Amino acid sequence: SDFWREVQTPGVRRASTLLRHGLRQLTQALRSDDPSQREAALGGAVARLRRAHERAPADLDVLYFLAFASSQRQLVQRQPDAGAAIREAIALYEQLRALDEDYEAESVAFELGLLYTRLRQYGRAVDEYERGILRAFDPRSTVSAHANMAEVIMLNGDAALALRHYERAAEIARQYSGDSLSLALALWGSAVASDRLGEGSAAVERAGAALNASGGTMALLRTNGVFFEPESEIHWYEGLG
């Protein structure tokens, strides 16, 4: 019961309240299309979840959502000197893994893949995406991991291998998820990979398919939650479009 949990670990009830408040702000942030409101809500979520973690350092839920909110905050802020903050978010996920490596294993690996990509540690990012794919219970959840891993592999210089992962992501999106967003992003990535392989005609054809899957516009490439590392990568996608 809550009573005996509080006796065993003083502060756990307050941590539960702070977790609830932090999750409310995290939800607001994820639903907001306004960058300033999103950043403010993420800041509030991180502050509350950090206080909850101080009161219940072994609580897996608190630690997971603190790491997730911290990760989302770094992806939103996009500060050029954000390396220390990104490494702090990575450390939180590693701390969670040390407590229980099976807790939200697929999500943890995916978020670490994003964070290592931000640090341009592409080899470690690939390792995390591969780990997440192996730990996935449902193939439908691996579409973004395959596409993100393909982007990292392409940035690391292997466009041919990247193209295979983009095609796998598109295949899963068509077969299982029916997710037009994931399908479109995978097709955009495959177009760029083809172009980097010197396959100009195939690249333009794939870009056309990506445009069709995106509703005939390139607005998808600049929507909330879609980012490129480095940021200048978007110009190659839009150039093909």
Side-chain angles (χ1 to χ4, degrees), residues 71 74-75 78 82-83 86-87 89-90 93-94 97 105-136 138-177 179 181-210 213-214 218 220-223 225-241:
S71 172
Q74 302 319 312
L75 295 175
R78 304 289 297 170
I86 293 171
R87 282 187 282 272
I90 289 172
Y93 279 121
E94 295 294 355
R97 260 190 192 159
E106 182 184 357
S107 296
V108 169
F110 184 83
E111 292 298 319
L112 282 170
L114 291 175
L115 291 167
Y116 281 123
T117 302
R118 285 290 314 280
L119 291 177
R120 302 189 184 180
Q121 295 183 18
Y122 300 137
R124 298 197 70 171
V126 169
D127 289 343
E128 291 298 339
Y129 286 129
E130 287 180 335
R131 178 173 181 157
I133 290 168
L134 288 173
R135 301 299 290 272
D138 188 337
R140 288 173 291 187
S141 67
T142 65
V143 176
S144 294
H146 274 290
N148 285 11
M149 182 165 65
E151 182 181 3
V152 173
I153 290 171
M154 184 164 60
L155 290 172
N156 215 25
D158 193 342
L161 179 58
L163 183 57
R164 292 200 290 274
H165 281 286
Y166 278 127
E167 289 175 338
R168 178 58 179 154
E171 178 188 354
I172 296 170
R174 289 191 186 99
Q175 184 177 357
Y176 294 105
S177 69
D179 183 348
L181 171 65
S182 297
L183 174 59
L185 289 172
L187 290 172
W188 280 116
S190 69
V192 173
S194 292
D195 200 35
R196 284 180 166 150
L197 286 169
E199 302 168 356
S201 298
V204 171
E205 184 178 342
R206 291 174 186 274
S214 304
M218 292 184 283
L220 166 69
L221 298 174
R222 294 185 179 271
T223 55
V226 176
F227 76 96
F228 298 88
E229 191 64 48
E231 291 183 62
S232 58
E233 278 287 291
I234 192 172
H235 300 308
W236 201 314
Y237 288 74
E238 291 179 332
L240 280 172

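Predicted, not measured: the structure shown is a model, and the values here were computed from it. Every heavy atom of this structure was used, including side-chain atoms; hydrogens, water molecules and symmetry mates were not.
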Do D127 and E130 come close enough that some side-chain heavy atom pair is under 4.5 Å? yes

Closest non-hydrogen atom pair between R196 and A159, with its separation: CB-CB, 4.2 Å

Taking the side chain as C-beta and beyond, is there a heavy-atom pair between V108 and R135 under 4.5 Å? no

In this structure, CD of E231 is separated from CD of E233 (nearest 0.5 Å) by 11.5 Å

Any salt bridge between R118 and E111, counting N to O under 4.0 Å? no

Please report the closest heavy-atom contact between L197 and A160, naming both atoms and the distance. CD2-N, 3.7 Å

To the nearest 0.5 Å, how far apart are CD1 in I153 and NE2 in H146? 10.0 Å

Electrostatic pair R131-E106, nearest N-O below 4.0 angstrom: no

L220 to L181 - nearest heavy-atom pair and separation: CD1-CD1, 2.5 Å

V126 and N156, any side-chain heavy atoms less than 4.5 Å apart: no

Does the side chain of L115 come within less than 4.5 Å of Y93's, by heavy atoms? yes

Taking all heavy atoms of V143 and all of A173, pick out the closest pair and write down the distance. CG2-N, 3.9 Å

If you count every heavy atom of other residues, nucleotides or ligands that lies below 6.0 Å from E238 atom CD, does the total exceed 12? yes

Ignoring hydrogens and geometry beyond distance, is a side-chain donor-acceptor pair present between T117 and E229 at under 3.5 Å? no

Give, for atom CD1 of I133 and atom OH of Y129, the distance between the pair rounded to the nearest 0.5 Å. 10.0 Å

Closer than 4.0 angstrom, basic N to acidic O: yes or no for R97 and E128? yes

Side chain to side chain contact (heavy atoms under 4.5 Å, CB included) assessment of L114 paired with F227: CA-CA 10 Å; L114 291 175; F227 76 96; 3.7 Å; yes

Would you say L119 and I90 make side-chain contact, with heavy atoms under 4.5 Å? yes

Find out whether L185 and Y166 are in side-chain contact, i.e. whether some heavy atom of one side chain is under 4.5 Å from a heavy atom of the other. no

Got a second to check how far L187's CG is from S214's OG, nearest 0.5 Å? 8.0 Å

How many angstroms lie between OG in S71 and CG in L112, if you round to the nearest 0.5 Å? 8.0 Å

Least distance between heavy atoms, A169 atom then A186 atom: CB-CB, 3.9 Å

Nearest-0.5 Å distance, CZ of residue R87 to OH of residue Y116: 10.5 Å

For this output row, return yes or no: ring centroids of Y237 and F228 closer than 6.0 angstrom. yes

Does the side chain of L155 come within less than 4.5 Å of P230's, by heavy atoms? yes

If a pair satisfies salt bridge (charged side-chain N to carboxylate O under 4.0 Å, His left out) and one of its residues is in residues 152-168, list it, with sequence neighbours excluded. E167-R206, R168-E171

Which atom of A125 lies closest to which atom of G113, heavy atoms considered: CB-O, 3.5 Å

